[in-house]
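Below is one structure, written out as C-alpha coordinates; comments come after it.
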There are 2 protein chains.
Amino acid sequence: MSHADTKTRIMDTATQLFARDGFHLTSLRTLTEQANVNLAAVNYHFGTKEELLQAVISRHLLPLNNIRQQKIEAVLAQAEADNKPPVAKDLLHAFIKPTLDFRNSGPGAKDFIALIGRSLSEPDETVRIYFIQQILPIFKLLFTGLQKALPELPANILMTRLQFTLGTMGHAMSSNLRPDQMVPGLPEMLSADELAKELINFVTSGLEAP
Amino acid sequence: MSHADTKTRIMDTATQLFARDGFHLTSLRTLTEQANVNLAAVNYHFGTKEELLQAVISRHLLPLNNIRQQKIEAVLAQAEADNKPPVAKDLLHAFIKPTLDFRNSGPGAKDFIALIGRSLSEPDETVRIYFIQQILPIFKLLFTGLQKALPELPANILMTRLQFTLGTMGHAMSSNLRPDQMVPGLPEMLSADELAKELINFVTSGLEAP
DNA sequence: GTCTATAGATTGATAGAC
DNA sequence: GTCTATCAATCTATAGAC
(Lines give C-alpha, C1' and ligand atoms only; values in the text may rest on other atoms or scores of the structure.)
Protein backbone atom coordinates (compact mmCIF):
# COMPACT_ATOMS: atom_id res chain seq x y z
CA MET A 1 0.00 0.00 0.00
CA SER A 2 2.83 2.39 0.81
CA HIS A 3 4.18 1.97 -2.75
CA ALA A 4 1.12 3.54 -4.33
CA ASP A 5 1.06 7.21 -5.19
CA THR A 6 0.08 9.87 -2.70
CA LYS A 7 -3.51 10.24 -3.82
CA THR A 8 -4.18 6.50 -3.60
CA ARG A 9 -2.43 6.17 -0.24
CA ILE A 10 -4.64 8.93 1.14
CA MET A 11 -7.80 7.28 -0.15
CA ASP A 12 -6.86 3.85 1.15
CA THR A 13 -6.05 5.16 4.59
CA ALA A 14 -9.15 7.35 4.63
CA THR A 15 -11.35 4.36 3.81
CA GLN A 16 -9.87 2.40 6.66
CA LEU A 17 -10.04 5.15 9.28
CA PHE A 18 -13.43 6.55 8.28
CA ALA A 19 -14.84 3.02 8.55
CA ARG A 20 -13.18 2.25 11.87
CA ASP A 21 -13.49 5.55 13.73
CA GLY A 22 -16.06 7.47 11.75
CA PHE A 23 -15.63 10.51 9.57
CA HIS A 24 -15.56 13.20 12.22
CA LEU A 25 -13.40 11.37 14.70
CA THR A 26 -10.69 10.88 12.08
CA SER A 27 -8.45 13.93 12.03
CA LEU A 28 -6.44 14.85 8.96
CA ARG A 29 -3.33 14.71 11.10
CA THR A 30 -3.92 11.10 12.12
CA LEU A 31 -4.83 10.24 8.55
CA THR A 32 -1.84 11.81 6.83
CA GLU A 33 0.53 10.46 9.45
CA GLN A 34 -0.64 6.89 8.91
CA ALA A 35 -0.65 7.32 5.13
CA ASN A 36 2.89 8.70 5.25
CA VAL A 37 2.00 11.86 3.39
CA ASN A 38 2.22 15.50 4.30
CA LEU A 39 -0.68 17.14 6.11
CA ALA A 40 -1.23 19.63 3.30
CA ALA A 41 -1.46 16.86 0.69
CA VAL A 42 -5.13 16.18 1.42
CA ASN A 43 -6.11 19.75 0.66
CA TYR A 44 -3.89 19.82 -2.38
CA HIS A 45 -5.33 16.64 -3.92
CA PHE A 46 -8.93 16.74 -2.75
CA GLY A 47 -9.71 20.29 -1.66
CA THR A 48 -11.46 19.61 1.64
CA LYS A 49 -11.90 16.70 4.00
CA GLU A 50 -15.50 16.33 2.85
CA GLU A 51 -14.49 16.11 -0.80
CA LEU A 52 -12.06 13.39 0.20
CA LEU A 53 -14.98 11.46 1.67
CA GLN A 54 -16.96 11.88 -1.56
CA ALA A 55 -14.03 10.62 -3.59
CA VAL A 56 -13.57 7.63 -1.29
CA ILE A 57 -17.22 6.63 -1.52
CA SER A 58 -17.56 7.12 -5.26
CA ARG A 59 -14.38 5.22 -6.14
CA HIS A 60 -15.90 1.84 -5.33
CA LEU A 61 -19.61 2.49 -4.93
CA LEU A 62 -20.22 3.53 -8.53
CA PRO A 63 -18.87 0.27 -10.03
CA LEU A 64 -20.48 -1.77 -7.27
CA ASN A 65 -23.87 -0.23 -7.96
CA ASN A 66 -23.48 -0.88 -11.66
CA ILE A 67 -23.00 -4.56 -10.96
CA ARG A 68 -26.02 -4.64 -8.65
CA GLN A 69 -28.15 -2.92 -11.26
CA GLN A 70 -27.11 -5.40 -13.95
CA LYS A 71 -27.84 -8.39 -11.73
CA ILE A 72 -31.26 -7.11 -10.69
CA GLU A 73 -32.17 -6.27 -14.28
CA ALA A 74 -31.03 -9.73 -15.35
CA VAL A 75 -33.37 -11.35 -12.81
CA LEU A 76 -36.26 -9.18 -13.98
CA ALA A 77 -35.54 -9.86 -17.64
CA GLN A 78 -35.38 -13.60 -17.07
CA ALA A 79 -38.70 -13.54 -15.23
CA GLU A 80 -40.21 -11.55 -18.09
CA ALA A 81 -38.88 -14.04 -20.62
CA ASP A 82 -40.34 -16.95 -18.61
CA ASN A 83 -43.60 -15.06 -18.27
CA LYS A 84 -43.44 -15.55 -14.51
CA PRO A 85 -43.12 -13.09 -11.64
CA PRO A 86 -39.55 -12.71 -10.33
CA VAL A 87 -38.60 -14.55 -7.14
CA ALA A 88 -37.92 -12.36 -4.09
CA LYS A 89 -34.86 -14.31 -3.04
CA ASP A 90 -33.28 -13.93 -6.49
CA LEU A 91 -33.75 -10.17 -6.32
CA LEU A 92 -32.30 -9.95 -2.85
CA HIS A 93 -29.42 -12.13 -3.92
CA ALA A 94 -28.73 -9.79 -6.82
CA PHE A 95 -28.79 -6.85 -4.44
CA ILE A 96 -26.72 -8.30 -1.60
CA LYS A 97 -24.29 -10.78 -3.10
CA PRO A 98 -22.18 -8.32 -5.13
CA THR A 99 -21.57 -6.33 -1.94
CA LEU A 100 -20.34 -9.37 -0.06
CA ASP A 101 -18.27 -10.57 -3.01
CA PHE A 102 -16.59 -7.21 -3.21
CA ARG A 103 -16.00 -7.27 0.52
CA ASN A 104 -14.07 -10.53 0.16
CA SER A 105 -11.89 -9.20 -2.65
CA GLY A 106 -9.28 -7.80 -0.27
CA PRO A 107 -8.59 -6.08 3.03
CA GLY A 108 -9.14 -2.61 1.59
CA ALA A 109 -12.45 -3.75 0.16
CA LYS A 110 -13.53 -4.91 3.60
CA ASP A 111 -12.79 -1.43 4.97
CA PHE A 112 -14.83 0.10 2.20
CA ILE A 113 -17.87 -2.10 2.80
CA ALA A 114 -17.68 -1.37 6.52
CA LEU A 115 -17.68 2.32 5.65
CA ILE A 116 -20.75 1.87 3.46
CA GLY A 117 -22.50 -0.12 6.16
CA ARG A 118 -21.80 2.60 8.68
CA SER A 119 -22.94 5.38 6.35
CA LEU A 120 -26.53 4.22 6.73
CA SER A 121 -26.61 5.06 10.40
CA GLU A 122 -24.31 8.05 10.29
CA PRO A 123 -25.82 10.84 12.40
CA ASP A 124 -24.36 13.61 10.29
CA GLU A 125 -26.29 14.38 7.15
CA THR A 126 -23.28 15.51 5.18
CA VAL A 127 -21.91 11.99 5.43
CA ARG A 128 -25.15 10.09 4.94
CA ILE A 129 -26.26 12.04 1.92
CA TYR A 130 -23.45 10.99 -0.43
CA PHE A 131 -24.25 7.39 0.23
CA ILE A 132 -28.04 7.62 -0.04
CA GLN A 133 -27.79 9.62 -3.25
CA GLN A 134 -25.85 6.87 -4.95
CA ILE A 135 -27.89 3.92 -3.71
CA LEU A 136 -31.30 5.43 -4.39
CA PRO A 137 -31.73 4.35 -8.05
CA ILE A 138 -30.83 0.75 -7.20
CA PHE A 139 -33.13 0.82 -4.21
CA LYS A 140 -36.05 1.94 -6.36
CA LEU A 141 -35.31 -0.76 -8.91
CA LEU A 142 -35.25 -3.37 -6.16
CA PHE A 143 -38.47 -2.03 -4.69
CA THR A 144 -40.47 -2.20 -7.90
CA GLY A 145 -39.01 -5.64 -8.63
CA LEU A 146 -40.11 -6.91 -5.23
CA GLN A 147 -43.59 -5.50 -5.79
CA LYS A 148 -43.85 -7.85 -8.76
CA ALA A 149 -42.43 -10.73 -6.73
CA LEU A 150 -44.77 -10.17 -3.77
CA PRO A 151 -47.86 -8.51 -5.30
CA GLU A 152 -50.06 -9.32 -2.31
CA LEU A 153 -47.85 -7.28 0.06
CA PRO A 154 -49.01 -3.66 0.56
CA ALA A 155 -46.45 -1.10 -0.62
CA ASN A 156 -45.91 0.51 2.77
CA ILE A 157 -45.31 -2.84 4.44
CA LEU A 158 -42.89 -3.85 1.71
CA MET A 159 -41.08 -0.55 2.19
CA THR A 160 -40.90 -1.08 5.94
CA ARG A 161 -39.45 -4.55 5.49
CA LEU A 162 -37.00 -3.29 2.92
CA GLN A 163 -35.82 -0.71 5.43
CA PHE A 164 -35.32 -3.52 7.95
CA THR A 165 -33.31 -5.28 5.27
CA LEU A 166 -31.06 -2.28 4.77
CA GLY A 167 -30.56 -2.04 8.50
CA THR A 168 -29.63 -5.69 8.77
CA MET A 169 -27.18 -5.38 5.88
CA GLY A 170 -25.57 -2.25 7.22
CA HIS A 171 -25.14 -3.78 10.62
CA ALA A 172 -23.80 -7.06 9.25
CA MET A 173 -21.24 -5.24 7.12
CA SER A 174 -19.93 -2.86 9.73
CA SER A 175 -20.57 -4.36 13.14
CA ASN A 176 -17.79 -4.48 15.61
CA LEU A 177 -19.78 -6.50 18.08
CA ARG A 178 -17.79 -9.67 18.58
CA PRO A 179 -20.25 -12.54 19.02
CA ASP A 180 -17.78 -14.60 21.03
CA GLN A 181 -17.29 -11.68 23.40
CA MET A 182 -21.01 -11.49 24.00
CA VAL A 183 -21.60 -15.16 24.69
CA PRO A 184 -18.40 -17.07 25.51
CA GLY A 185 -17.81 -20.65 24.49
CA LEU A 186 -19.30 -20.40 21.00
CA PRO A 187 -18.14 -22.70 18.23
CA GLU A 188 -16.06 -21.09 15.52
CA MET A 189 -17.58 -18.19 13.61
CA LEU A 190 -19.10 -18.41 10.18
CA SER A 191 -16.97 -18.08 7.08
CA ALA A 192 -17.61 -15.19 4.73
CA ASP A 193 -19.61 -17.43 2.37
CA GLU A 194 -21.73 -18.84 5.15
CA LEU A 195 -22.36 -15.36 6.46
CA ALA A 196 -23.50 -14.23 3.02
CA LYS A 197 -25.88 -17.16 2.75
CA GLU A 198 -27.24 -16.54 6.24
CA LEU A 199 -27.78 -12.86 5.55
CA ILE A 200 -29.71 -13.53 2.36
CA ASN A 201 -31.74 -16.25 4.09
CA PHE A 202 -32.55 -14.00 7.00
CA VAL A 203 -33.83 -11.05 5.02
CA THR A 204 -35.65 -13.22 2.48
CA SER A 205 -37.57 -14.94 5.26
CA GLY A 206 -38.25 -11.58 6.86
CA LEU A 207 -39.52 -10.06 3.63
CA GLU A 208 -41.76 -13.03 2.88
CA ALA A 209 -43.16 -13.20 6.42
CA PRO A 210 -46.91 -13.85 6.52
CA MET B 1 -39.38 20.64 29.88
CA SER B 2 -37.92 24.07 30.69
CA HIS B 3 -39.66 23.98 34.08
CA ALA B 4 -37.65 21.01 35.29
CA ASP B 5 -34.52 21.51 37.33
CA THR B 6 -31.14 22.09 35.76
CA LYS B 7 -29.93 18.51 35.99
CA THR B 8 -33.05 17.14 34.31
CA ARG B 9 -33.05 19.80 31.62
CA ILE B 10 -29.46 18.88 30.78
CA MET B 11 -30.26 15.17 30.57
CA ASP B 12 -33.36 15.70 28.42
CA THR B 13 -31.54 17.92 25.98
CA ALA B 14 -28.53 15.62 25.92
CA THR B 15 -30.74 12.65 25.06
CA GLN B 16 -32.26 14.52 22.17
CA LEU B 17 -29.04 15.91 20.74
CA PHE B 18 -26.91 12.80 21.27
CA ALA B 19 -29.58 10.81 19.43
CA ARG B 20 -29.96 13.28 16.61
CA ASP B 21 -26.40 14.40 15.99
CA GLY B 22 -24.31 11.80 17.79
CA PHE B 23 -22.24 12.14 20.93
CA HIS B 24 -19.14 13.75 19.49
CA LEU B 25 -20.88 16.16 17.19
CA THR B 26 -22.89 17.57 20.05
CA SER B 27 -20.86 20.28 21.77
CA LEU B 28 -21.48 21.29 25.36
CA ARG B 29 -22.03 24.82 24.13
CA THR B 30 -24.89 23.80 21.83
CA LEU B 31 -26.29 21.55 24.52
CA THR B 32 -26.26 24.04 27.38
CA GLU B 33 -27.57 26.79 25.15
CA GLN B 34 -30.59 24.74 24.10
CA ALA B 35 -31.17 23.53 27.66
CA ASN B 36 -31.03 27.13 28.93
CA VAL B 37 -28.34 26.40 31.47
CA ASN B 38 -24.85 27.72 31.95
CA LEU B 39 -21.97 26.04 30.15
CA ALA B 40 -20.27 25.14 33.42
CA ALA B 41 -23.40 23.43 34.75
CA VAL B 42 -22.63 20.19 32.93
CA ASN B 43 -19.29 19.82 34.62
CA TYR B 44 -20.75 20.85 37.97
CA HIS B 45 -23.56 18.28 37.86
CA PHE B 46 -21.99 15.40 35.94
CA GLY B 47 -18.22 15.88 36.00
CA THR B 48 -17.42 15.29 32.34
CA LYS B 49 -19.32 15.04 29.08
CA GLU B 50 -18.76 11.28 29.07
CA GLU B 51 -20.23 10.88 32.55
CA LEU B 52 -23.24 12.81 31.32
CA LEU B 53 -23.66 10.22 28.57
CA GLN B 54 -23.47 7.41 31.12
CA ALA B 55 -26.10 9.10 33.26
CA VAL B 56 -28.36 9.63 30.25
CA ILE B 57 -28.13 5.99 29.17
CA SER B 58 -28.54 4.51 32.65
CA ARG B 59 -31.54 6.65 33.58
CA HIS B 60 -33.89 4.76 31.27
CA LEU B 61 -31.97 1.69 30.21
CA LEU B 62 -31.75 0.11 33.65
CA PRO B 63 -35.53 0.06 34.23
CA LEU B 64 -36.16 -0.92 30.60
CA ASN B 65 -33.80 -3.87 30.89
CA ASN B 66 -35.47 -4.97 34.12
CA ILE B 67 -38.79 -5.12 32.30
CA ARG B 68 -37.28 -7.08 29.43
CA GLN B 69 -35.68 -9.53 31.83
CA GLN B 70 -38.96 -10.11 33.67
CA LYS B 71 -40.86 -10.69 30.43
CA ILE B 72 -38.30 -13.14 29.08
CA GLU B 73 -38.16 -15.02 32.37
CA ALA B 74 -41.96 -15.18 32.41
CA VAL B 75 -41.99 -16.77 28.95
CA LEU B 76 -39.36 -19.30 30.03
CA ALA B 77 -41.17 -20.09 33.31
CA GLN B 78 -44.48 -20.62 31.51
CA ALA B 79 -42.85 -22.98 29.02
CA GLU B 80 -41.27 -24.86 31.89
CA ALA B 81 -44.63 -25.13 33.65
CA ASP B 82 -46.27 -26.41 30.46
CA ASN B 83 -43.39 -28.84 29.99
CA LYS B 84 -42.92 -27.49 26.46
CA PRO B 85 -40.03 -25.64 24.82
CA PRO B 86 -40.55 -21.86 24.68
CA VAL B 87 -41.70 -20.29 21.40
CA ALA B 88 -39.15 -18.11 19.59
CA LYS B 89 -41.67 -15.43 18.74
CA ASP B 90 -42.73 -15.09 22.38
CA LEU B 91 -39.12 -14.60 23.43
CA LEU B 92 -38.50 -12.00 20.74
CA HIS B 93 -41.72 -10.28 21.68
CA ALA B 94 -40.57 -10.11 25.30
CA PHE B 95 -37.27 -8.65 24.17
CA ILE B 96 -38.54 -6.14 21.63
CA LYS B 97 -41.99 -5.02 22.72
CA PRO B 98 -40.97 -3.23 25.95
CA THR B 99 -38.55 -1.12 23.93
CA LEU B 100 -41.22 -0.04 21.48
CA ASP B 101 -43.76 0.53 24.25
CA PHE B 102 -41.33 2.77 26.03
CA ARG B 103 -40.61 4.58 22.80
CA ASN B 104 -44.28 5.46 22.47
CA SER B 105 -44.53 6.76 26.03
CA GLY B 106 -43.50 10.28 25.04
CA PRO B 107 -41.31 12.46 22.83
CA GLY B 108 -38.36 12.28 25.24
CA ALA B 109 -38.69 8.51 25.24
CA LYS B 110 -38.49 8.46 21.47
CA ASP B 111 -35.23 10.40 21.65
CA PHE B 112 -33.87 7.94 24.15
CA ILE B 113 -34.72 4.88 22.07
CA ALA B 114 -33.15 6.50 19.02
CA LEU B 115 -30.02 7.06 21.09
CA ILE B 116 -29.98 3.41 22.13
CA GLY B 117 -30.50 2.28 18.55
CA ARG B 118 -27.64 4.42 17.39
CA SER B 119 -25.33 3.22 20.18
CA LEU B 120 -25.10 -0.18 18.52
CA SER B 121 -23.34 1.21 15.50
CA GLU B 122 -21.43 3.96 17.22
CA PRO B 123 -17.84 3.97 15.90
CA ASP B 124 -16.36 5.20 19.14
CA GLU B 125 -15.83 2.53 21.76
CA THR B 126 -16.32 4.85 24.71
CA VAL B 127 -19.90 5.36 23.60
CA ARG B 128 -20.68 1.81 22.55
CA ILE B 129 -19.32 0.22 25.68
CA TYR B 130 -21.82 1.71 28.14
CA PHE B 131 -24.65 0.38 26.07
CA ILE B 132 -23.23 -3.11 25.45
CA GLN B 133 -22.36 -3.53 29.11
CA GLN B 134 -25.93 -2.99 30.16
CA ILE B 135 -27.60 -5.09 27.50
CA LEU B 136 -25.26 -8.08 27.77
CA PRO B 137 -27.06 -9.98 30.57
CA ILE B 138 -30.41 -9.71 28.79
CA PHE B 139 -28.82 -10.73 25.52
CA LYS B 140 -27.39 -13.89 27.12
CA LEU B 141 -30.74 -14.73 28.66
CA LEU B 142 -32.42 -14.33 25.28
CA PHE B 143 -29.76 -16.42 23.59
CA THR B 144 -30.08 -19.40 25.93
CA GLY B 145 -33.86 -19.13 25.76
CA LEU B 146 -33.78 -19.24 21.96
CA GLN B 147 -31.49 -22.25 22.08
CA LYS B 148 -34.30 -24.07 23.85
CA ALA B 149 -36.86 -22.75 21.38
CA LEU B 150 -34.81 -23.72 18.32
CA PRO B 151 -32.68 -26.66 19.48
CA GLU B 152 -31.92 -27.83 15.96
CA LEU B 153 -30.19 -24.52 15.09
CA PRO B 154 -26.37 -24.55 15.60
CA ALA B 155 -25.21 -22.06 18.21
CA ASN B 156 -23.06 -20.00 15.86
CA ILE B 157 -25.88 -19.65 13.33
CA LEU B 158 -28.29 -18.65 16.06
CA MET B 159 -25.77 -16.07 17.24
CA THR B 160 -25.36 -14.72 13.72
CA ARG B 161 -29.09 -14.37 13.27
CA LEU B 162 -29.42 -12.75 16.67
CA GLN B 163 -26.84 -10.19 15.59
CA PHE B 164 -28.90 -9.53 12.47
CA THR B 165 -31.85 -9.05 14.78
CA LEU B 166 -30.01 -6.49 16.88
CA GLY B 167 -28.98 -4.65 13.71
CA THR B 168 -32.53 -4.58 12.44
CA MET B 169 -33.82 -3.28 15.76
CA GLY B 170 -31.16 -0.62 16.06
CA HIS B 171 -31.82 0.60 12.57
CA ALA B 172 -35.58 0.56 13.02
CA MET B 173 -35.33 2.57 16.22
CA SER B 174 -32.92 5.23 15.04
CA SER B 175 -33.21 5.46 11.29
CA ASN B 176 -33.62 8.85 9.74
CA LEU B 177 -34.17 7.42 6.29
CA ARG B 178 -37.58 8.65 5.25
CA PRO B 179 -39.25 5.90 3.21
CA ASP B 180 -41.44 8.33 1.32
CA GLN B 181 -38.36 10.30 0.33
CA MET B 182 -36.80 7.19 -1.10
CA VAL B 183 -39.75 6.02 -3.15
CA PRO B 184 -42.32 8.75 -3.75
CA GLY B 185 -46.04 8.09 -3.90
CA LEU B 186 -46.20 5.60 -1.07
CA PRO B 187 -49.40 5.14 0.91
CA GLU B 188 -49.31 6.46 4.47
CA MET B 189 -46.67 5.13 6.81
CA LEU B 190 -47.25 2.49 9.45
CA SER B 191 -48.44 3.42 12.91
CA ALA B 192 -46.20 2.71 15.87
CA ASP B 193 -48.16 -0.44 16.71
CA GLU B 194 -48.04 -1.74 13.16
CA LEU B 195 -44.34 -1.03 13.03
CA ALA B 196 -43.80 -3.02 16.24
CA LYS B 197 -45.75 -5.95 14.85
CA GLU B 198 -43.84 -5.81 11.57
CA LEU B 199 -40.49 -5.68 13.32
CA ILE B 200 -41.27 -8.71 15.47
CA ASN B 201 -42.63 -10.58 12.45
CA PHE B 202 -39.58 -9.78 10.39
CA VAL B 203 -36.98 -10.94 12.90
CA THR B 204 -39.00 -13.98 13.95
CA SER B 205 -39.21 -15.15 10.36
CA GLY B 206 -35.51 -14.44 9.92
CA LEU B 207 -34.55 -16.37 13.04
CA GLU B 208 -36.68 -19.36 12.09
CA ALA B 209 -35.48 -19.43 8.48
CA PRO B 210 -34.79 -22.97 7.20
C1' DG C 1 -25.57 26.56 42.34
C1' DT C 2 -24.72 29.80 38.80
C1' DC C 3 -21.94 32.78 36.44
C1' DT C 4 -17.68 34.91 33.58
C1' DA C 5 -13.40 34.32 31.84
C1' DT C 6 -9.95 31.67 30.22
C1' DA C 7 -6.66 27.91 30.00
C1' DG C 8 -4.96 24.28 27.09
C1' DA C 9 -5.46 21.30 23.41
C1' DT C 10 -7.01 20.09 18.78
C1' DT C 11 -9.10 20.87 14.56
C1' DG C 12 -9.45 22.03 9.14
C1' DA C 13 -7.41 24.89 6.08
C1' DT C 14 -3.91 27.90 3.81
C1' DA C 15 0.16 30.88 2.58
C1' DG C 16 4.45 30.71 0.76
C1' DA C 17 9.27 28.65 0.34
C1' DC C 18 11.43 25.03 -2.22
C1' DG D 1 3.95 18.18 -5.66
C1' DT D 2 5.77 18.50 -1.17
C1' DC D 3 7.06 20.85 2.75
C1' DT D 4 6.99 24.07 7.21
C1' DA D 5 4.72 27.28 9.76
C1' DT D 6 0.76 29.26 11.17
C1' DC D 7 -4.04 31.17 11.33
C1' DA D 8 -8.58 31.10 13.04
C1' DA D 9 -12.03 28.48 14.97
C1' DT D 10 -13.56 25.05 17.90
C1' DC D 11 -13.61 22.03 21.70
C1' DT D 12 -13.68 20.27 26.92
C1' DA D 13 -12.72 21.54 31.27
C1' DT D 14 -11.71 24.55 35.24
C1' DA D 15 -10.61 28.51 38.34
C1' DG D 16 -12.60 31.86 40.97
C1' DA D 17 -16.11 35.73 41.82
C1' DC D 18 -20.76 36.09 43.41
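Just so it is clear, the structure is predicted and the values come from calculations on it, not from any experiment. Lettering of chains follows the sequences in order, A, B, ..., and the numbering in each one begins at 1.
Between Lys89(B) and Asn201(B), the closest side-chain pair of non-hydrogen atoms falls below 4.5 Å.
Geometrically, Lys7(A) engages Phe46(A) in a cation-pi contact defined by less than 6.0 Å to the ring centre and at most 45° from the axis.
In summary, the side chains of Asp124(A) and Thr126(A) do present a donor paired with an acceptor at a separation below 3.5 Å, with no hydrogens or angles considered. Looking only at atom types and distance, the side chain of Ser58(A) has a donor-acceptor partner in the side chain of Gln134(A) under 3.5 Å away.
Within 6.0 Å of the CD atom in Glu33(A), the count of heavy atoms belonging to other residues, nucleotides or ligands does not exceed 12.
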Using a 4.0 Å heavy-atom cut-off to protein, can you give one letter per nucleotide of nucleotides 2-18 of chain C, 5' to 3': B if the base is in contact, S if only the sugar-phosphate is, - if neither? BBB------BBBB----

